[in-house]
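Heavy-atom basis, side chains included; hydrogens, waters and symmetry copies ignored.
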Amino acid sequence: MDASLETLEGLSKLDDIGAKADPEFMTSLSRGLTVLQCFAEEQGPLSIARASQLTGLSRGSVRRCLHTLQCLGFAEARGSHFMLLPRVLRLGYAFLSSDALATVAQPLLARAAADLGRSCSLGIRDGDEVCYLARAEASRIMSIALRVGSRLPLYCTSMGRVLLAHASPAEQKAYLDRTVLTARTADTVTDPEALLALLRTVREQGYALVDQELEIGLRSIAVPVFGRDRTLLGALNVGAQSVRVSPEQLLDHYLPALQQISVELGLQGVR
């Protein structure tokens, strides 16, 4: 089963648990938000049947959620399918406009992308995925389009490994217990013990270099971003085509630039 599908189904199962444990928990809102997230997984028109499959909710519950979104101007019906409307962007923009880390990072990433000629990104951990919080494009480097809000697995991405490396051993174990380490390419590390060893190395050396484990032809390197109190704020990375940039070049040329941005971000005292 797809990890994203499991996540959505897991959210729907929390409805009853949350309602029983917390009298203030609003089940209807929880279900509506779960259905809303389906659009990110489907990336296109969504039918009631498909949303029901993704969430594990009944078709009746899904229909009412979609009808409510339609009444509020967040979605519209097109035949038997539903599509989101621009109003839904207000939800994401409200977060980005109020997040100091993203605000401070964007001009720094833009400067680095221009200087290095490579796309630079800032990511944070959201559940078992890396969520792109800020990004500056130099050129399209992979077939998967990446933008603010994009999400990728933790285990096979450079930012993901940085974020996992600074989690506690108990968190790492819990993550591996619930995650299927799918081989995205022939080079993807899928052995849990091997991944744990890599995470220890990442933490010790202060960076993660991932070579064509997420996608053939893509290399990336990432560093952690720490606040003044040494709290982990997120991770920064640079991605490059493997035919143009060697691992040695990532270490010699791009790593120092990322480390400098990391220091500048941390000194801002954001978050």
Side-chain angles (χ1 to χ4, degrees), residues 2-11 14 30 33-43 54-55 84 88-106 108-110 112-113 119-137 141-142 144-167 171-172 174-176 178-182 184 199 202 207-208 210 213-215 218 220-227 231-239 258 261-262 265-266 268 270-271:
D2 183 85
S4 298
L5 182 62
E6 288 182 334
T7 299
L8 288 172
E9 288 185 337
L11 286 174
L14 291 176
S30 172
L33 292 173
T34 301
V35 170
L36 188 60
Q37 291 181 71
C38 289
F39 288 93
E41 305 302 326
E42 198 70 359
Q43 297 184 354
L54 286 169
T55 62
L84 294 181
V88 78
L89 293 173
R90 296 181 181 181
L91 303 177
Y93 182 73
F95 169 74
L96 291 175
S97 61
S98 64
D99 188 88
L101 184 62
T103 302
V104 172
Q106 193 60 53
L108 296 177
L109 294 178
S119 299
C120 301
S121 306
L122 168 69
I124 58 173
R125 182 175 178 178
D126 185 13
D128 292 341
E129 296 174 305
V130 179
C131 179
Y132 280 65
L133 192 62
R135 181 168 169 82
E137 293 275 4
I141 59 171
M142 57 192 298
I144 302 174
L146 292 174
R147 60 187 67 87
V148 172
S150 293
R151 305 166 74 88
L152 290 174
L154 290 172
Y155 69 93
C156 59
T157 57
S158 58
M159 288 196 293
R161 285 189 183 166
V162 164
L163 297 170
L164 273 178
H166 290 277
E171 287 180 280
Q172 292 175 355
Y175 169 78
L176 290 173
R178 64 177 177 265
T179 303
V180 177
L181 304 182
T182 303
R184 302 289 291 258
L199 295 179
V202 168
Y207 67 86
V210 171
E213 293 189 48
L214 175 68
E215 180 177 296
L218 175 68
S220 66
I221 190 167
V223 299
V225 179
F226 294 106
T231 299
L232 182 68
L233 302 177
L236 292 165
N237 91 333
V238 167
L258 282 178
I261 299 173
S262 174
L265 267 179
Q268 298 293 327
V270 293
R271 288 201 174 217

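- Nearest approach of V148 to A134, heavy atoms of both residues: CG2-CA, 3.9 Å.
- Interatomic distance, CZ of R125 versus CD of E171, reported as 6.0 Å (0.5 Å rounding).
- Every residue meeting the side-chain contact (heavy atoms from CB on, under 4.5 Å) condition with T182, not counting sequence neighbours, appears here in chain and number order: Y155, V180.
- At a threshold of 4.5 Å between non-hydrogen side-chain atoms, the residues I261 and V225 do not count as touching.
- Put simply, OG1 on T34 and CG on L54 are 11.0 Å apart, with the number rounded to the nearest 0.5 Å.
- Looking at heavy atoms from C-beta onward, R135 lies out of side-chain contact with S150 at the 4.5 angstrom threshold.
- Under a 3.5 Å cut-off, the side chain of E129 and the backbone N or O of L154 do not form any donor-acceptor pair.
- Rounded to the nearest 0.5 Å, atoms CD (Q172) and NE2 (H166) are 10.0 Å apart.
- The CD1 atom of I221 lies 8.0 Å from the OG atom of S158; values are rounded to the nearest 0.5 Å.
- Rounded to the nearest 0.5 Å, atoms CG (L236) and CG (L265) are 5.5 Å apart.
- When all heavy atoms of Y175 and T179 are compared, the pair lying nearest together is O-OG1, 2.7 Å.
- Within the 4.5 Å cutoff, the side chain of T55 has heavy atoms near those of the C38 side chain.
- Heavy-atom minimum distance, V130 versus P153: CG2-O, 4.1 Å.
- Checked against side-chain contact (heavy atoms from CB on, under 4.5 Å), A235 has the following partners two or more places apart in sequence or in another chain: M159, V162, L163.
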Full working for side-chain contact (heavy atoms from CB on, under 4.5 Å) between V210 and L218: CA-CA 8 Å; V210 171; L218 175 68; over 6 Å; no

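- Between S119 atom OG and E137 atom CD the span is 4.0 Å, to the nearest 0.5 Å.
- Formation of a donor-acceptor pair under 3.5 Å by the S262 side chain with backbone atoms of L258 is not found in this model.
- Scanning all heavy atoms of the two residues, the minimum distance from G234 to I124 falls at CA-CG2, 4.3 Å.
- Side-chain contact check for T231 versus F226: every heavy-atom pair is 4.5 Å or farther apart.
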Residues L233, L122; criterion side-chain contact (heavy atoms from CB on, under 4.5 Å); working and verdict: CA-CA 10 Å; L233 302 177; L122 168 69; over 6 Å; no

